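One structure is given here, and the rest of the page talks about it.
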Amino acid sequence: MPEVGYACLVIALISSVFGVFASLIGMRIRDNFLIAASRSIALLTFAAMSTSMVMLWLLLLTHNFQAKYVHDFTSSVMPAHYTFAAFWAGNAGSLMFMTWVLSAFAAAVTFFNRKTKRESMPYTTAVMLTVTAMLTSMLVLKAHLFLQFPFKPNEGLGLNPILENPFMVIHPPLLLSSFMAFSVPFALTIGALAAGTLDKDWLASVRRWGLLAWLISGVGNILGMVWAYNELDLAWGGYWGWDPVENAAIIPWFLGTAYIHMLVLVKQRKDMFKAWSVFLILLTFNLAFYGTFLGRTGFLQSVHTFGASGLGPYLLSFEVGMAVLSLGLLYLKRSLFMPAGHTLSWFSKEGAFALNNFLLVAVAAIIFWGTLFPVVYELFTGKTIVVDASFYNKTLAVPLLLLLLLMGVGPFMMWRFTTIQKAKSQFTFPLMAGALVIIGLLGAGIRELIAIVGFAACTVVMASVVQEWLTLTLWRMKKRKESVFTAFKTLMFANRSKYGGYVVHIGVTVLSSGILASSFFSVTSTADLVPGERMPINDHYEALYKFPVQDFGKDRDIYSAEVQIIETSSGKVVATAHPKAINKLNFGLIVIEPDIKMGFLKDVKVVMKQLFESDVVELEVQIKPMVMWIWIGGGIIFLGGIFAFWPDNKNRKDPDEEQEIDSKLAEV
């Protein structure tokens, strides 16, 4: 199996290189046979990568410890799902998974566009296969994924205890896939630039593929937050700690959000901001690839990295090459971006889109600079510096709050110019709802300015969406004599991208509410306790440490404690928790596993901070309000994105529906 796996990697490398030349030469000499061959080569590359991947999985699942990668990341006592997920636990395996995903996207793009984009697709195929060839060359020459020992060890080292979490099965592959998914709009745009065909077909393609990449990235980041929240053994704690690799994963999501919004403007306003949209598409993939570089080179210290490797110079050189290609081609093809002939009114939907875009890019730039600054500072001063979460909390508060507010205002303004009458009719109710929330929070004694403004902005967004849905549903019911369900369903399906976007906005407000509440109103209490001792948590609850529990196993010792959360006034036990500290013997590493009692309005998180010293244990109890809202909001965002991404039913769609609705909105 190792020999077959390595041979397939070599085949994938050779075929992808041949595919690049076949695409470019075929386009140069207008040879349809070479162009068709390049499409077949993309499919062959995917098949070879798939076979190699299956070989590695077979080595893992059969516990073939003679294979070094299997020995380093699995053991015979590991559960099957962790053995399966060990594929991406190491640098080489994760790189192979990314390359396989990239080859899958390359095959899909070339297959689905085999009869379209005849001028641009050969260039697109060449770009996809170039990136595939580069990554495959590192697998063949540097990664040594199928390296074998001259003997067969009896046992493997097992998975790093930090990675023994159910989210290990899905979070890493989603994020790795998102990095590669952004390569598709990048390649489509490079192809369209090279062919000079930045037309409606290009616009529709990059929007759909960009939305898919954005969805995968968003879900991957949300699941990473859930993982972090359920583990407290690492430096990031909570659900987001602005770790460098976390930052590298979220930057493409913000930039992807920016260019997806810009493409709406390009479509509706006849190429306004087309050059800026193209630049954002190119930048997004370059920074997604930067995240790949960051995670596997040891360039920055992070709990997420695979450590230093020999891949750094290769990845950095290729990243620089892609950036030069992107900017150079954009400059050479600048004649494609003729002035759109429109003036921009800031009091319009165009103005709101432009401001939204500026803020999204500003957020990405702040995160990028905060991540890179320690390296720059050390390079020029020779001293080390740490940029912690406080930097991001301070610098991002204002732009993120403005983004929230714009979600409630921008989509409901009119194209070209929004009249005072329209503004009054559209925004009176949402702004009044926001004002009532401010009054209510102040009346409840809340004085945190960011929290107050944030909750008010979330209310404005929600009220704006509900107002439009209610207005147009009632209008349809009256005009077309439809039931409320039929009217609302037809409205939603008349413009999936628009109303799917509204659902995403609702999800963002729910998620943001959870972040605001859990960030500003959490309560934490810590104390050293002996069995039978209590500690106060807040005015309403206290914790009672009942007794310790110990369980000694083959590869780990588990220490846990039974802790009761008691309502102070009534003495009622509202929750019983069992936090753990696990000593993983093979690694000499202690993993802290909190016990979280989740609720719709608040979570109770109990952590055993240290192992037992005689009968004393250090306990930490957190009461975190509305954390579940973060996960619910993430789910709503995903559903809204899927709804916007899903193809329209051409047979059912009324071609005059959107125009009629826009006319009604202009009358409201």
Side-chain angles (χ1 to χ4, degrees), residues 167 170-171 174-175 178 207-208 210-230 239-240 249-250 253-254 256-258 260-261 264 356 360 363 400-401 403-412 430 433-434 437 454-470 472-473 485 488-489 491-519 598-603 624-646:
F167 288 99
I170 188 169
H171 162 64
L174 278 176
L175 270 189
S178 74
R207 178 195 167 274
R208 287 189 60 76
L211 186 56
L212 177 63
W214 177 87
L215 269 173
I216 298 172
S217 176
V219 174
N221 278 290
I222 289 290
L223 292 179
M225 292 170 67
V226 179
W227 186 352
Y229 181 64
N230 283 276
Y239 44 74
W240 195 271
I250 200 68
W253 186 86
F254 277 111
T257 306
I260 288 171
H261 282 80
V264 176
N356 168 280
L360 286 167
V363 168
L400 289 176
L401 286 175
L403 276 171
L404 266 178
L405 188 59
L406 270 176
M407 283 197 303
V409 175
F412 309 100
V437 167
F455 282 122
C458 289
T459 304
V460 170
V461 176
M462 188 77 72
S464 297
V465 172
V466 171
Q467 177 179 255
E468 176 163 328
W469 278 344
L470 183 61
L472 294 178
T473 299
F485 175 77
F488 182 71
K489 182 186 71 172
L491 174 70
M492 294 290 289
F493 280 88
N495 192 335
R496 282 180 178 271
S497 61
K498 176 180 178 179
Y499 293 113
Y502 284 6
V503 175
V504 170
H505 287 184
I506 289 176
V508 171
T509 64
V510 174
L511 181 145
S512 299
S513 298
I515 291 176
L516 288 166
S518 60
S519 298
M598 303 183 68
F600 184 71
L601 295 179
K602 65 177 179 294
D603 286 4
K624 303 177 77 69
M626 296 175 61
V627 173
M628 187 177 287
W629 290 39
I630 301 176
W631 320 136
I632 294 173
I636 296 172
I637 291 171
F638 172 71
L639 292 176
I642 288 291
F643 186 80
F645 174 78
W646 205 261

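Here the structure is a predicted model, which means the values were calculated and not measured. Residue numbers run from 1 in the order of the sequence given. Both backbone and side-chain heavy atoms feed into the values below; hydrogens, waters and symmetry mates do not.
- Looking at T473, its side chain never comes within 3.5 Å of a backbone N or O of L470 through a donor-acceptor pair.
- Ring pair H261/H505 is parallel by interplanar angle, where below 30° counts as parallel and above 60° as perpendicular.
- When the options V460, V461, V466 are evaluated for a side chain to side chain contact (heavy atoms under 4.5 Å, CB included) with S464, the one that passes is V460.
- For N356, there are no side-chain hydrogen bond (donor to acceptor under 3.5 Å, both in side chains) partners two or more places apart in sequence or in a different chain.
- Here S217 pairs with S178, F182, N221, W253 under the side chain to side chain contact (heavy atoms under 4.5 Å, CB included) rule; sequence neighbours left out.
- Minimum heavy-atom separation, Y499 to M492: CB-SD, 3.6 Å.
- Take F485 and apply the ring-ring contact (aromatic ring centres under 6.0 Å, His included) test, not counting sequence neighbours, and it matches no residue.
- Listed by chain and number, the residues in a ring-ring contact (aromatic ring centres under 6.0 Å, His included) with F645 amount to none (sequence neighbours excluded).
- Residue W631 places its CH2 atom among more than 12 non-hydrogen atoms of other residues, nucleotides or ligands, all under 6.0 Å distant.
- The structure places CG of L511 at 5.0 Å from CD1 of I222, a figure rounded to the nearest 0.5 Å.
- Atom CZ of F638 sits in a sparse spot, with 12 or fewer heavy atoms from other residues, nucleotides or ligands closer than 6.0 Å.
- Taken to the nearest 0.5 Å, the OH atom of Y502 stands 14.5 Å off from the CE atom of M462.
- At distances below 3.5 Å, at least one donor-acceptor pair connects side-chain atoms of D603 with backbone N or O atoms of G599.
- Minimum heavy-atom separation, S512 to L404: OG-CD2, 3.8 Å.
- The side chain to side chain contact (heavy atoms under 4.5 Å, CB included) with I642 is formed by just one residue from the set L212, L215, V503, V504; it is L215.
- Taking CG from L174 and CZ from F167, the interatomic distance works out to 11.5 Å, rounded to the nearest 0.5 Å.
- In this structure, CD1 in I636 is found 7.5 Å from OG1 in T509, a value given to the nearest 0.5 Å.
- With sequence neighbours excluded, the residues satisfying side chain to side chain contact (heavy atoms under 4.5 Å, CB included) with P625 are A517, F521, S522.
- With rounding to the nearest 0.5 angstrom, the CG atom of L491 is 7.5 Å from the CD atom of E468.
- Residues that satisfy the side chain to side chain contact (heavy atoms under 4.5 Å, CB included) test with V409, not counting sequence neighbours, are M413, F427.
- Going from atom CG of L639 over to atom CD1 of I506 covers 11.5 Å, rounded to the nearest 0.5 Å.
- For A644, the side chain to side chain contact (heavy atoms under 4.5 Å, CB included) partners are R207, L211, not counting sequence neighbours.
- Heavy-atom minimum distance, W629 versus S513: CE3-CB, 4.0 Å.
- Judged as a side-chain hydrogen bond (donor to acceptor under 3.5 Å, both in side chains), and not counting sequence neighbours, the contacts of W214 are T257.
- L175 approaches A249 most closely through the heavy-atom pair CD1-CB, 4.0 Å.
- Taking both residues in full, the closest heavy atoms of M225 and W240 are given as CG-CE3, 3.5 Å, listed atom of the first, atom of the second, then distance.
- Considering every non-hydrogen atom in both V363 and L403, the closest pair reads CG2-CD1, 4.2 Å.
- Partners of S518 according to the side-chain hydrogen bond (donor to acceptor under 3.5 Å, both in side chains) rule, which considers only residues two or more places apart in sequence or in another chain, are Y239.
- Applying the ring-ring contact (aromatic ring centres under 6.0 Å, His included) criterion to F488, with sequence neighbours excluded, gives W469.
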